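Structure first, commentary second.
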2 protein chains.
Amino acid sequence: MARNVRTYDHFCMLARALELVGDRWSLLVIRDLLSGAKRFTDLHDRLGGITPKTLTVRLRELEDAGVLTADRQPGRREVWYRLTPSGAELAPALDALSWWGQRHAARPPRPGERLHAEHLLRAITLAIEHTEQDPSPACWELHLDGGGIYRVACDGARWSLTSLDDPAAPPSDRSPDLILRADAAAFPPFMLDPSRAAELGVELDGDPEALDRFTRLVGAFGQSIQQQDDTTDPQIEPNGLT
Amino acid sequence: MARNVRTYDHFCMLARALELVGDRWSLLVIRDLLSGAKRFTDLHDRLGGITPKTLTVRLRELEDAGVLTADRQPGRREVWYRLTPSGAELAPALDALSWWGQRHAARPPRPGERLHAEHLLRAITLAIEHTEQDPSPACWELHLDGGGIYRVACDGARWSLTSLDDPAAPPSDRSPDLILRADAAAFPPFMLDPSRAAELGVELDGDPEALDRFTRLVGAFGQSIQQQDDTTDPQIEPNGLT
DNA sequence: CTGGATCCATGATGATACTG
DNA sequence: CAGTATCATCATGGATCCAG
C-alpha cells in the first residue's frame with residue numbers, strides 16, 4: 001500500500017490522531033458513518049463538494065488506519081463502508097467538536113449551503129443531549145420521502161441517531177412513540193420552524209406527550225439557530241429545552 | 001483581511017468547526033496554547049516541522065476565527081499568543097481526540113521523532129485523568145533546565161497542565177507537594193522510565209505520599225507506552241493507575 | 001536576538017469528464 | 001454503483017533573507 005501519509009513526527013497523541021483522521025474531509029466521512037453504514041454514492045451525496053477521487057483516497061486511508069472497513073459482498077455491486085469499533089470510538093471527539101461549532105459558529109443556513117437531513121438531525125440530537133435536563137426515553141422514527149429513514153432515540157440517558165437504511169442497523173429496543181413522514185426537501189425547513197408543518201406537508205403521528213416533547217425540543221433548536229447571524233458569536237444556553 | 005478560507009458549504013456544525021480549526025497544524029497550535037500563552041518562537045520550537053510562513057498564516061486565521069489573540073505590548077518585542085475563552089473551550093474536543101490517539105495510536109517514540117516535555121506531560125496528565133479512580137488533590141511543580149517550568153495539578157476532580165513561563169499564568173491555589181528538577185533533555189527518558197532517575201540526574205523532592213503517587217502514576221504511563229509497538233492496536237486499560 | 005517575509009518546488013485538492 | 005483519468009489550482013514545505 002504505502003499510502004502517502006503526511007506525518008507530524010511528534011511524540012504526541014493528538015498529532016498521531018490527526019495523522020490518521022485529520023486530513024480534509026476525513027472527519028466528515030466519519031461523521032456520516034456514525035449513524036450507520038453507507039455506500040460510496042451515499043457518502044458522495046452527503047459530502048457535497050468532495051470529488052470522487054478525494055473520497056476514494058480518504059476511504060482507502062481510513063481503511064488503512066483501521067477506522068473503517070469496506071464490505072464488498074461477491075455478486076453485489078454495492079460497497080458498504082462501515083466504522084470499525086476503533087472508528088466508532090471517535091464519536092465523543094466529533095461530538096465535542098460539533099458542540100463547540102454549535103456554540104461558536106451556529107447560524108441559519110446560507111443560500112447555496114447544502115442542508116442534509118442527516119446533518120440537521122445530528123445537530124438537533126446533539127443540542128438536546130447537551131441541554132435537556134433529566135431526559136426520559138424516546139424513540140422517534142422519521143420517514144423522509146427520497147431521503148431515507150432515521151431513528152432518533154433516547155435510552156433515558158443518552159440520545160442517538162441511527163440511519164435505518166443501513167442493512168445492518170441495530171433493531172430498536174422499543175417501538176416508536178412518534179412517527180414523522182415528510183418529503184426530503186420539506187424536512188429541513190420544517191425542522192427549523194415546526195409551525196410550518198401543514199404548509200410543508202409534514203405528517204406527525206404519536207401519543208400527545210411525545211408530540212409535545214418533540215415540538216418543544218425541535219422548536220427550541222430552531223429558534224436558537226434562527227437567532228444567530230454571521231456577526232454574533234452565538235451562545236446556546238442550557239435552557240428552553242428542559 | 002479576506003483570508004483564503006476554504007469552506008465546506010455544509011449546514012453542519014462539525015463542518016463549521018473544521019473550517020475554523022481543521023487546517024493542518026491548527027489544532028496543534030491550539031494544543032500548545034492550552035497550557036498558557038506562548039511566543040512565536042515558543043510555538044515554532046514545539047511545533048517542530050512547521051515553517052514560519054505556515055505558522056504565521058495559521059496564527060492569523062485563528063485570530064480571525066476568534067480562537068486566539070496576539071498581545072503586542074508597545075515597547076516590548078515579544079508577541080504573546082493566547083487563547084480566547086472560545087479557544088479554551090476547545091479543550092474537551094482536543095482531549096477527546098488525544099485520548100482516542102492514546103488508545104489507538106500509542107507507541108514508544110521513534111528515532112527522529114520530536115519529543116517535547118510539554119507534549120509528554122499532556123499525555124500523562126490525560127492518561128491519569130482517564131484512569132485514576134477517586135483522584136485526590138495534587139500539585140507537582142516541574143523545573144526543566146532549558147525547558148521551562150510546568151505545574152501538573154489536580155483539584156480533587158480534574159487534572160490540569162499549566163506552563164509557569166506564561167507571564168499571566170494563574171497562581172496556584174495550593175503549594176506544590178512535589179518538586180522535580182531535571183535537565184530538559186533528561187526529562188523525557190525519565191518520564192518513560194522513572195527508575196532511571198539517578199542515572200539521568202533527576203531530582204525529586206516532596207512528601208513521601210506525593211512521591212509515591214507520582215512514581216506510581218508516571219510508571220504506569222511509561223509501561224503502557226513501552227508495551228506498544230507499531231503493529232498492535234494499543235488499548236489502555238483503566239487499571240494500574242488507581 | 002524575535003518575528004516574521006520572500007521565493008520556489010512539490011504535493012494535495014478541485015473541476016470535469018468518462019468507464020467497467 | 002463505484003470509481004478513474006486528466007488537467008488546473010491551491011496549500012504547504014524548504015531555504016533563505018530581513019527589519020526592529
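Remember, it's a predicted structure, so these values are computed and weren't measured experimentally. So you know, we letter chains A, B, ... as the sequences are listed, proteins then strands, and number each from 1.
A distance-only check finds a donor-acceptor pair linking the side chain of Arg58(B) to the backbone of Arg24(B) [under 3.5 Å].
Checking dG3(D), dT12(D), dT13(C) against every side-chain atom of Arg6(B), the shortest atom distance belongs to dT13(C). When each of dG20(C), dG14(C), dG4(C) is scored by its nearest atom to the side-chain atoms of Val79(B), the top-ranked nucleotide is dG4(C).
In this structure, the ring of Tyr8(B) has its center less than 6.0 angstrom from the ring center of Trp25(A).
At a threshold of 4.0 Å, the pair Glu61(A)-Arg6(A) does not count as salt-bridged, since none of the basic side-chain nitrogens sits closer than that to a carboxylate oxygen. Between Arg76(B) and Asp71(B), no side-chain nitrogen of the basic residue sits less than 4.0 Å from a carboxylate oxygen of the acidic one, so the salt-bridge criterion is not met.
Rounding to whole angstrom units, CZ of residue Arg24(B) and C1' of dA12(C) are separated by 11 Å. Between the CG atom of Leu59(A) and the P atom of dA2(D) there is a distance of 11 Å, given to the nearest Å. Here dG3(C) presents its P atom at 7 Å from OH of Tyr81(B), a figure rounded to the nearest Å. Counting to the nearest Å, the P atom of dA2(D) and the CZ atom of Arg60(A) are 11 Å from each other. Taking atom NE2 of residue His44(B) and atom P of nucleotide dC1(C), one finds them 15 Å apart after rounding to whole Å. As rounded to whole Å, 15 Å separates atom C1' of dT12(D) from atom CG of Leu28(B). Distance, Gln73(A) CD to dA2(D) C1': 16 Å, rounded to whole Å. Here dG11(C) presents its C1' atom at 12 Å from CG of Asp23(A), a figure rounded to the nearest Å.
Side-chain contact between Val67(B) and His104(A) is absent, with no heavy-atom pair separated by less than 4.5 Å.
For dC1(D), neither phosphate oxygen OP1 nor OP2 lies less than 4.0 angstrom from any side-chain nitrogen or oxygen of Trp80(A).
Contacts with DNA chain D (heavy atom under 4.0 Å) in residues 29-42 of chain B: none are found. Looking at residues 45-55 of chain B, you'll see Thr51(B), Thr54(B) sit with a heavy atom under 4.0 Å from some atom of DNA chain D.
Defined by atom type and a distance below 3.5 Å, a donor-acceptor pair is missing between the side-chain atoms of Ser163(A) and Glu118(A).
The neighbour count for Arg114(A) CZ, taken as heavy atoms of other residues, nucleotides or ligands under 6.0 Å away, does not exceed 12.
Contact annotation for Arg76(B): no contact, since no heavy-atom pair falls under 4.0 Å across all strands.
The aromatic rings of Trp99(A) and His130(A) sit parallel to each other, their planes meeting at less than 30°, with 60° as the upper class boundary.
With respect to Asp42(A), the side chain to side chain donor-acceptor pair (under 3.5 Å) criterion is satisfied by exactly one of Lys38(A), His44(A), Arg39(A), Arg46(A): Arg39(A).
Overall bending of the helix from dC1(C)-dG20(D) to dG20(C)-dC1(D), expressed as the angle between end axes built from five pairs apiece, is 40° (10° steps).
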